Number of protein chains: 2
Amino acid sequence: MQLDNAAINALEKRYRAALINSVTGFKPANVVGTADSEGNSNLAIISSVFHLGSQPPLIGMIIRPSPVERHTLDNVLDTGSYTINHVASSFIEAAHQTAARYPRQQSEFVATGLTELYVDGVHAPFVAEANIRLGMALREHHPLAINGTHMVIGEIQWLDIPDACVAEDGSIDLAAAETVALSGLDSYHSTQRVARMAYAKPDLPPKKLDQ
Amino acid sequence: MQLDNAAINALEKRYRAALINSVTGFKPANVVGTADSEGNSNLAIISSVFHLGSQPPLIGMIIRPSPVERHTLDNVLDTGSYTINHVASSFIEAAHQTAARYPRQQSEFVATGLTELYVDGVHAPFVAEANIRLGMALREHHPLAINGTHMVIGEIQWLDIPDACVAEDGSIDLAAAETVALSGLDSYHSTQRVARMAYAKPDLPPKKLDQ
């Protein structure tokens, strides 16, 4: 299939959304936990979390202006706090269900059966079922005029990762953590590591590391 | 392992980079092709490509201020053109090698053995070995003062996907396309779809679709 820009824009809306949501490759599957200033919790699956930097430890994410994600954004802006929780293979169905348009006053934790977990110093709720959990503090909010989305930049305040999934060099074995990858709008994937590569240098050929 | 912000910042630099590059979950593995105004080509692996919107079809990516990625950014800003090519399992080693610090005048295509492919109307070179290829036009450039990185937003001008990998609803079977997922700085993963979920609605329980 070869399409130019005009052909893409002429596609039927749902077909185009499925296609264009797939073309960037695999996406991280995370559920983002928040609570309003009165402590009413919210949970939303977000597939646009990206690494921004390690020092300081910064993470970006894109929030869409849909009613569902708007609840998350409002809570982030009101409280400065959110959590990022890796979707594991054990709770794909509940994680996906957080994308439904529940009314603001209904917690997706209650609706989907996922369990709130609180940590001292972090206002927003974590997901107890997740194996890898990050507590975030809002650093910057960039509304993107080009299409009405919002970029949120946060700094990691707290992280929790199973010891057995952290290698000696600090890298995390995400397959061992049962973290899943997302493609498009609705496809969840398990993974298998096929190669770990040595640090690339111009004067050396590519080299696989022992895994 | 539980770490707060101070403990993260106190980690040894390489350990911290490996850890924090892993904590967002799986990342898309793409090589980004560019050429300067004289046609000298450049290719760099970028793990921070993200979906921004379907109408218009917009994609974002983060470029770091390293010498390698700086060549890419300069070409994008000078010509307004770049390509995003999915890393397939058949060329992981060559794709990873594009991260080496080759001098500006040396093309990573030549250095790694990957093949330039040109399409009418797109200045930047595609990667012939890739199964899924996107031609992009620069729309916005946001330098991010918080850590010196750059967000680049582009619109899809042209895309090429094997027909056999596109489902009736427009979603792409990335596993069939042999697209790999990246974790951390250097771990490449093959994938297997474990669930495809129906559109989530508040009044219906989560439902798996036939795959």
Side-chain angles (χ1 to χ4, degrees), chain A residues 1-5 8 15-22 24-26 28 48-51 53-54 57-58 86 92-93 96-97 99-102 140 146-147 157-161 163 166 169-172 174 179 181 183-184 186-197 200-202 206, chain B residues 1-5 8 15-22 24-26 28 48-51 53-54 57-58 86 92-93 96-97 99-102 140 146-147 157-161 163 166 169-172 174 179 181 183-184 186-197 200-202 206:
Chain A
M1 171 188 290
Q2 298 186 348
L3 299 174
D4 65 11
N5 183 266
I8 294 168
Y15 186 99
R16 182 177 56 234
L19 184 75
I20 302 303
N21 271 279
S22 301
T24 50
F26 286 104
S48 61
V49 168
F50 54 89
H51 175 82
S54 298
L58 296 174
H86 287 207
I92 289 171
E93 299 193 6
H96 186 76
Q97 185 66 14
R101 293 189 179 200
Y102 292 105
E140 293 192 358
I146 194 167
N147 72 346
Q157 296 300 299
W158 192 82
L159 60 78
D160 188 4
I161 307 166
D163 288 340
V166 184
D169 68 350
S171 64
I172 304 175
L174 294 179
T179 297
S183 81
D186 52 24
S187 291
Y188 296 83
H189 297 254
S190 65
T191 69
Q192 183 167 26
R193 187 156 66 190
V194 292
R196 183 144 190 234
M197 301 298 301
K201 296 186 175 179
Chain B
M1 171 190 289
Q2 297 186 348
L3 298 175
D4 64 13
N5 184 266
I8 294 169
Y15 186 99
R16 181 176 57 232
L19 183 75
I20 303 303
N21 272 279
S22 301
T24 50
F26 287 103
S48 61
V49 168
F50 54 89
H51 175 82
S54 297
L58 297 174
H86 287 205
I92 289 170
E93 298 193 7
H96 186 77
Q97 185 66 15
R101 295 191 177 196
Y102 292 104
E140 293 191 356
I146 195 169
N147 71 346
Q157 295 301 298
W158 193 82
L159 59 77
D160 189 3
I161 307 166
D163 288 340
V166 184
D169 68 349
S171 65
I172 304 175
L174 294 179
T179 297
S183 82
D186 52 23
S187 291
Y188 296 83
H189 298 252
S190 64
T191 69
Q192 184 168 25
R193 188 156 65 190
V194 291
R196 186 147 187 231
M197 300 299 300
K201 296 186 175 181

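Letters go in sequence order (proteins before strands), and every chain restarts at 1. This structure is a prediction, so every number in the text was calculated from the model and none was measured. Basis for what follows: all heavy atoms, side chains included, without hydrogens, waters or symmetry-related copies.
For B:I161, the parts sitting under 4.5 Å from any heavy atom of chain A are the backbone and the side chain alike. Both the backbone and the side chain of A:L3 come within contact range of chain B, with heavy atoms under 4.5 Å apart. Contact of B:L159 with chain A is made through backbone and side chain together, with heavy-atom distances under 4.5 Å. The parts of B:E93 that come within reach of chain A are both its backbone and its side chain, each placing non-hydrogen atoms under 4.5 angstrom from that chain. With a threshold of 4.5 angstrom between heavy atoms, B:H86 approaches chain A through side-chain atoms but not through N, CA, C or O. Contacts of A:Q157 with chain B are made by both backbone and side-chain atoms, with heavy-atom separations under 4.5 Å.
Between A:F50 and B:F50, a ring centre-to-centre spacing shorter than 6.0 Å is recorded.
Separation of atoms OG (B:S190) and NE2 (A:H189) is listed at 11.5 Å; rounding is to 0.5 Å. Here the OG atom belonging to B:S187 is positioned 10.5 Å from the CE atom belonging to A:M197, to the nearest 0.5 angstrom. Here the CG atom belonging to B:D169 is positioned 8.0 Å from the OH atom belonging to A:Y15, to the nearest 0.5 angstrom. Separating the OG1 atom in B:T179 from the CZ atom in A:F26 is a distance of 6.5 Å, to the nearest 0.5 Å. Taken to the nearest 0.5 Å, the CG atom of B:N21 stands 10.0 Å off from the CD1 atom of A:I172.
With chain A as the partner, the residue from B:L58, B:I146, B:D163 showing the most heavy-atom pairs under 4.5 Å is B:I146. Among A:K201, A:E140, A:R16, the residue making the largest number of heavy-atom pairs under 4.5 Å with chain B is A:R16. Put simply, of A:G25, A:S22, A:G184, A:G53, the one with the most heavy-atom pairs under 4.5 Å next to chain B is A:S22. Note: B:L174 leads B:I92, B:I8, B:V166, B:L174 in heavy-atom pairs under 4.5 Å with chain A.
Contact between B:H51 and A:I20 at its shortest, heavy atoms only, is ND1-O, 3.4 Å. Closest non-hydrogen pair, A:S54 versus B:A17, comes out as OG-CA, 3.7 Å. The shortest non-hydrogen separation linking A:P202 to B:A100 is N-CB, 3.4 Å. Listed here is the closest heavy atom pair of B:S171 and A:A18: N-CB, 3.7 Å.
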